[in-house]
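Both counts, for ligands and for their atoms, begin at 1 and track the order of listing.
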Amino acid sequence: MNHSAFSLLRCPICRAAGTLSADGRVFRCLGEKPHSYDVARSGYLNLSRSQKSGGDSSDAVRARSAFLEKDYYRPLAVRVREILDEIKAETVIDAGCGEGYYTNRMAGEGRTVIGFDLSKSAIDHASKQAKKAESTAKIPKSTVLFAVSSLFELPVADACADVVTNLFAPCAEAEFSRVLKSGGELIVVGAGENHLMGLKRVLYETPYPNPGRADLPKNLTLVSRERLTFEARICGQSDIRALFSMTPYYYRTPREGHEKLAALDALVTELDFDIYRYRKETVE
Ligand SMILES: C[S@@+](CC[C@H](N)C(=O)[O-])C[C@H]1O[C@@H](n2cnc3c(N)ncnc32)[C@H](O)[C@@H]1O
């Protein structure tokens with residue numbers, strides 16, 4: 001169990017700090033009327049204020065984890081690592097962490113990381129992967145924690161993180177700013193204009209470039225914007241299908257598009273990412 005990560009948590013109901021029970025099974029807040037949260041078997045906490053399940057479905061989670069675990073997006077993970085190293089980030093909040101592909105890598109680099117996502121299946125998968133990695137010493141013991149929560153109401157203390165990462169998930173600028181330390185950074189990643197163009201060329205007669213993110217921060221200071229572009233060869237139907245089904249095109253493409261893609265043995269496509277860095281200015 002990651003006690004330092006637990007110390008950053010705040011009760012989603014009364015905002016009090018909390019502690020983990022001696023047996024590691026329950027997180028209890030220290031508010032006047034204590035609230036308790038069971039630690040799931042796979043090690044995550046459900047700190048969502050909503051009873052309804054939200055975020056990505058278990059099918060989407062399965063497809064994305066099958067694809068990401070083949071490391072086609074590894075260059076992006078490497079670039080994120082370089083940026084975190086440059087910032088000397090020790091404490092990271094991964095907001096909208098999905099299946100924890102990037103989160104668990106950050107923990108493997110020796111950082112204290114908390115991944116939040118609305119999707120229970122994604123968080124469960126992320127937490128299981130973390131346990132596996134801990135058991136083979138790929139992740140130092142007790143450096144990563146996953147919790148189900150909306151990223152618009154993060155159950156953590158004010159000014160507790162060196163960095164918030166926000167990769168392909170909704171951007172909640174005011175909330176990210178609250179949890180960042182003064183001088184801390186927000187890293188936002190979105191699809192660049194040519195992202196998956198090779199896939200779109202198979203599916204559509206006239207594939208359009210991606211429009212770029214419409215929810216970028218307005219008040220934090222932009223430090224840099226860079227583009228990471230490379231070509232990938234997606235090998236075999238199972239990887240092509242996993243990629244296709246983690247995109248919105250899967251649901252809106254007519255049958256002919258599905259059939260054309262199903263006939264391929266390999267797909268060559270551009271992967272194109274926009275990486276933005278924002279800083280929370282130091283308050284004197
Ligand atoms: C496209 S996935 C990206 C996941 C991960 N960051 C990655 O790049 O692999 C977007 C994630 O955002 C999550 N999400 C969407 N809205 C959210 C919200 N309001 N709060 C927390 N997570 C949210 C979804 O459940 C999904 O896991």
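- Here the options are K280, K181, R178, the test is salt bridge (charged side-chain N to carboxylate O under 4.0 Å, His left out), and the partner is D158; only R178 passes.
- Among pairs with a residue in residues 189-205, those fulfilling side-chain hydrogen bond (donor to acceptor under 3.5 Å, both in side chains) read Y73-H195, K200-N210, R201-E270, Y204-T253, at least two apart in sequence or across chains.
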Can you give me a line-by-line list of nitrogen or oxygen pairs between ligand 1 and the protein shorter than 3.5 Å?
residue: ligand 1; atom: 6 (N); partner: G96; partner atom: O; Å: 2.7
residue: ligand 1; atom: 6 (N); partner: L167; partner atom: O; Å: 2.8
residue: ligand 1; atom: 20 (N); partner: L151; partner atom: N; Å: 2.9
residue: ligand 1; atom: 22 (N); partner: L118; partner atom: N; Å: 3.2
residue: ligand 1; atom: 25 (O); partner: D56; partner atom: N; Å: 2.8
residue: ligand 1; atom: 25 (O); partner: D117; partner atom: OD1; Å: 2.7
residue: ligand 1; atom: 27 (O); partner: R64; partner atom: NH2; Å: 3.3
residue: ligand 1; atom: 27 (O); partner: D117; partner atom: OD1; Å: 3.2
residue: ligand 1; atom: 27 (O); partner: D117; partner atom: OD2; Å: 2.7

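- When hydrophobic clusters are built by joining Ile, Leu, Val, Met, Phe, Trp and Tyr residues whose side-chain heavy atoms come closer than 4.5 Å, directly or via intermediates, I123 is not grouped with L118.
- A search for salt bridge (Lys or Arg N to Asp or Glu O under 4.0 Å) contacts involving D265 returns nothing, not counting sequence neighbours.
- The aromatic rings of F244 and Y250 sit perpendicular to each other, their planes meeting at more than 60°, with 30° as the lower class boundary.
- Scanning for salt bridge (Lys or Arg N to Asp or Glu O under 4.0 Å) contacts around E69 gives an empty result, with sequence neighbours left out.
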